[in-house]
Peer 1: 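Right, I'll just put the structure down here and ask away after.
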Amino acid sequence: QCVGCAVAMSQVNDKPFIHSGNAKDYINIRDAGYQYISGWGLLPQNRRVIVPASLFIRNSGTFGHVGVVAEVYMDSDVNPSSFLAQECNWDAPGYFGNKKVWSFTDVTGFQVPL
């Protein structure tokens with residue numbers, strides 16, 4: 001359900017990312033409206049390319065997880081350190097919310113709208 005939710009939110013944000021499969025299949029997908037950015041080793045000063053409406057992807061578990069970056073938070077050096085997520089099906093089946101704050105180090109990568 002997180003995939004369908006992320007696809008729907010990308011359309012609401014006028015940044016359609018229409019793909020199917022499991023969430024972790026979104027890693028390295030090429031899309032004309034997005035650029036994939038690996039989260040592994042992404043230095044704090046290079047995280048500025050991650051903007052609201054970006055999709056975050058985790059490859060953990062059987063299916064992974066995907067959601068939308070709603071807001072980016074800065075550390076004391078004004079480098080992005082974490083983000084507020086809009087996501088479905090993370091806390092419980094059928095869950096939708098934007099209360100979870102993820103660290104950039106918790107995700108595998110991002111699909112960033114161009």
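For this chain, numbers begin at 1 and follow the sequence in order.
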Peer 1: To the nearest 0.5 Å, what is the distance between SG on Cys2 and OH on Tyr26?
Peer 2: 8.5 Å
Peer 1: Would you list the pairs meeting disulfide bond (SG atoms under 2.5 Å apart) in which at least one residue belongs to residues 28-83, sequence neighbours left out?
Peer 2: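 As it turns out, there is no disulfide bond (SG atoms under 2.5 Å apart) pair with a partner in residues 28-83 once direct neighbours are skipped.
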Peer 1: According to the interplanar angle, ranging from 0 to 90°, do the rings of Trp102 and Phe56 count as parallel (below 30°), tilted (30 to 60°) or perpendicular (above 60°)?
Peer 2: tilted
Peer 1: Of all residues at least two apart in sequence or in a different chain, which pass the side chain to side chain donor-acceptor pair (under 3.5 Å) check with Ser82?
Peer 2: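 Here no residue qualifies.
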Peer 1: Any side-chain hydrogen bond (donor to acceptor under 3.5 Å, both in side chains) pairs touching residues 61-74, not counting sequence neighbours?
Peer 2: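 side-chain hydrogen bond (donor to acceptor under 3.5 Å, both in side chains) check on residues 61-74 returns His65-Glu87.
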Peer 1: What's the verdict on side chain to side chain contact (heavy atoms under 4.5 Å, CB included) for Ile57 and Phe110, showing C-alpha distance, side-chain angles and the deciding distance?
Peer 2: CA-CA 6 Å; Ile57 305 117; Phe110 299 87; 5.6 Å; no
Peer 1: What pairs of residues pass the disulfide bond (SG atoms under 2.5 Å apart) test when at least one of them lies in residues 58-114, not counting sequence neighbours?
Peer 2: Cys5-Cys88
Peer 1: Could you go through the side chain to side chain contact (heavy atoms under 4.5 Å, CB included) check for Phe63 and Asp25 one step at a time?
Peer 2: CA-CA 8 Å; Phe63 307 108; Asp25 296 336; over 6 Å; no
Peer 1: Look at the side chain of Arg58 and the backbone N and O of Asp106, then say whether any donor-acceptor pair between them is shorter than 3.5 Å.
Peer 2: yes
Peer 1: Arg47: what forms a side chain to side chain donor-acceptor pair (under 3.5 Å) with it, not counting sequence neighbours?
Peer 2: none
Peer 1: Could you go step by step and tell me if Val51 and Val69 meet the side chain to side chain contact (heavy atoms under 4.5 Å, CB included) rule?
Peer 2: CA-CA 7 Å; Val51 295; Val69 174; over 6 Å; no
Peer 1: Do the side chain of Asn79 and the main chain of Asp75 share a donor and acceptor less than 3.5 angstrom apart?
Peer 2: no
Peer 1: Report the C-alpha separation of Val3 and Asn22 in whole Å, then their side-chain angles, then the decisive distance to 0.1 Å, and conclude whether the side chain to side chain contact (heavy atoms under 4.5 Å, CB included) test is met.
Peer 2: CA-CA 7 Å; Val3 169; Asn22 296 320; 5.7 Å; no
Peer 1: Could you check whether any side-chain N or O of Ser54 sits under 3.5 Å from a backbone N or O of Val112, counting only pairs where one atom can act as donor and the other as acceptor?
Peer 2: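 Pair absent, no side-chain N/O of Ser54 close to backbone of Val112.
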Peer 1: Can you get from Ile27 to Ile29 by hopping between Ile, Leu, Val, Met, Phe, Trp and Tyr side chains that sit under 4.5 Å apart?
Peer 2: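 Looking at the clustering, Ile29 is in the same group as Ile27.
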Peer 1: What side-chain donor-acceptor pairs closer than 3.5 Å can you find for residues 30-39, not counting sequence neighbours?
Peer 2:
{"unit_1": "Asp31", "atom_1": "OD1", "unit_2": "Gly33", "atom_2": "N", "d": "2.8"}
{"unit_1": "Asp31", "atom_1": "OD2", "unit_2": "His19", "atom_2": "NE2", "d": "2.9"}
{"unit_1": "Tyr34", "atom_1": "OH", "unit_2": "Lys15", "atom_2": "O", "d": "2.4"}
{"unit_1": "Ser38", "atom_1": "OG", "unit_2": "Trp40", "atom_2": "N", "d": "3.3"}

Peer 1: With a 4.5 Å limit on heavy-atom distance, are the side chains of Phe104 and Leu43 in contact?
Peer 2: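 Side chain of Phe104 against side chain of Leu43, heavy atoms only: no contact under 4.5 Å found.
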